[in-house]
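All heavy atoms count here, side chains included; hydrogens, waters and symmetry mates do not. Atoms within a ligand are numbered from 1 in the order they appear, just like the ligands themselves.
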Amino acid sequence: MSEITCLVVYYSRTGYTKKVAETIAGMLNCEVEAVVEKKDRGGAKGYFGGIKDMLFNKTADIEKPRFDPSDYDLTIIGTPVWGNKVSLPVQSWFNSVRKPLPASAFFLTTKFSGIEYTFQQMTELSGREPAAKLALTDGRIKKEGWEKDVAEFVEKIRNKLP
Ligand SMILES: Cc1cc2nc3c(=O)[nH]c(=O)nc-3n(C[C@H](O)[C@H](O)[C@H](O)COP(=O)(O)O)c2cc1C
């Protein structure tokens, strides 16, 4: 893979997705867009509010993104799993940008469930198959060695792109 321009877009409520996003961005030298939801999702109230909003198919009101994926060769999008789906702020981000996205790759964080469906939903929202996918559980991220999974993900992306 020659020098490509890349953008990492993520939402993170409690820091897991952020940690993975920053590690990927560091390895590939990408610009980073942290999706910011206007609603406060802090604490237990934020957690249960999130579950309720997922159940009622609410949409998240997010700050206008600073970066446009069409300006980059590759966009890597990361979300926590919410109710076995893409988190509401990342759904809103997908809905705010032009589709299909240029080349993309996906990553997610989860306690344990929703991996397959969330990736499927990300593919539908982006309008194309990703070059690579990475799922990490909170348990994995809490232990040593998860960066190896990220390095493999980055390698897969490098091999897929011209
Ligand atoms: C509203 C909400 C719903 C969630 N739903 C699920 C779920 O369906 N399955 C699961 O395994 N984890 C679920 N989680 C846990 C998160 O996916 C997990 O802790 C993730 O790593 C959090 O990422 P973050 O720290 O970047 O916000 C949920 C968390 C929240 C806040």
Q: Distance alone, cut at 3.5 Å: any donor-acceptor contact between the side chains of Thr137 and Thr110?
A: no
Q: Could you walk me through whether Thr123 and Arg128 pass side-chain contact (heavy atoms from CB on, under 4.5 Å), step by step?
A: CA-CA 6 Å; Thr123 304; Arg128 72 158 63 205; over 6 Å; no
Q: Evaluate Lys18 for polar contact with ligand 1, using N/O atom pairs at a separation under 3.5 Å.
A: no
Q: Could you find the nearest protein heavy atom to atom 27 (O) of ligand 1 and give me its residue, atom name and distance?
A: Arg13 N, 2.7 Å
Q: Enumerate the atoms of ligand 1 whose separation from the nearest heavy atom of Thr17 is less than 4.0 angstrom.
A: 23 (O), 24 (P), 26 (O)
Q: Could you identify the single nearest non-hydrogen protein atom to atom 12 (N) of ligand 1 and state the distance to 0.1 Å?
A: Lys111 N, 3.3 Å
Q: Could Asp40 and Arg13 be called an ion pair, given the rule that one side-chain N must be under 4.0 Å from one carboxylate O?
A: no
Q: Among all the protein's non-hydrogen atoms, which is closest to atom 9 (N) of ligand 1, and how far away is it?
A: Ser113 OG, 2.8 Å
Q: What is the closest protein heavy atom to atom 20 (C) of ligand 1, and at what distance does it sit?
A: Thr109 OG1, 3.3 Å
Q: Are the ring centres of Trp82 and Tyr11 closer than 6.0 Å?
A: yes
Q: Considering the heavy atoms of Gly50, write down every atom of ligand 1 situated less than 4.0 Å from one of them.
A: 1 (C)
Q: Any donor-acceptor pair under 3.5 Å linking the side chain of Asp73 with the backbone of Thr5?
A: yes
Q: May I ask you to identify the nearest protein heavy atom to atom 18 (C) of ligand 1, giving residue, atom name and distance to one decimal place in Å?
A: Asp138 OD2, 3.4 Å
Q: Nearest to atom 25 (O) of ligand 1, what protein heavy atom do you find, and at what distance?
A: Thr14 OG1, 2.4 Å
Q: So, Glu37 and Arg41, do they make that salt bridge, N to O below 4.0 Å?
A: yes
Q: What atoms of ligand 1 come within less than 4.0 Å of a heavy atom belonging to Tyr47?
A: 1 (C), 29 (C), 30 (C), 31 (C)
Q: Within a reach of under 6.0 Å around NZ of Lys38, are more than 12 heavy atoms found that belong to other residues, nucleotides or ligands?
A: yes
Q: Testing the 3.5 Å rule here: is there a donor-acceptor pair between the side chains of Ser87 and Thr79?
A: yes
Q: Among protein heavy atoms, which sits nearest to atom 3 (C) of ligand 1, and what does the distance come to when rounded to 0.1 Å?
A: Trp82 CA, 3.5 Å
Q: Test side-chain contact (heavy atoms from CB on, under 4.5 Å) on Lys18 and Tyr10 and set out the steps.
A: CA-CA 7 Å; Lys18 180 173 197 266; Tyr10 75 93; 3.4 Å; yes
Q: Got a donor-acceptor contact below 3.5 angstrom from the Arg140 side chain to the Ala135 backbone?
A: no
Q: Side chain or backbone of Asn84 under 4.0 Å from ligand 1, or both, or neither, by non-hydrogen atoms?
A: both
Q: Distance under 4.0 Å to a non-hydrogen atom of Gly15: what atoms of ligand 1 satisfy this?
A: 24 (P), 25 (O), 26 (O)
Q: Would you check whether Val81 has a nitrogen or oxygen atom less than 3.5 angstrom from a nitrogen or oxygen atom of ligand 1?
A: yes
Q: Considering all heavy atoms of both residues, which atom of Ala105 and which atom of Ile157 are nearest to each other, and what is their separation?
A: CB-CD1, 3.6 Å
Q: Show me which atoms of ligand 1 lie under 4.0 Å from any heavy atom of Gly83.
A: 3 (C), 4 (C), 5 (N), 6 (C), 7 (C), 8 (O)
Q: Looking at ligand 1, does any of its N/O atoms fall within less than 3.5 Å of an N/O of Pro80?
A: no
Q: Counting non-hydrogen protein atoms only, what is the nearest one to atom 10 (C) of ligand 1? Give residue, atom name and distance.
A: Thr110 OG1, 3.3 Å
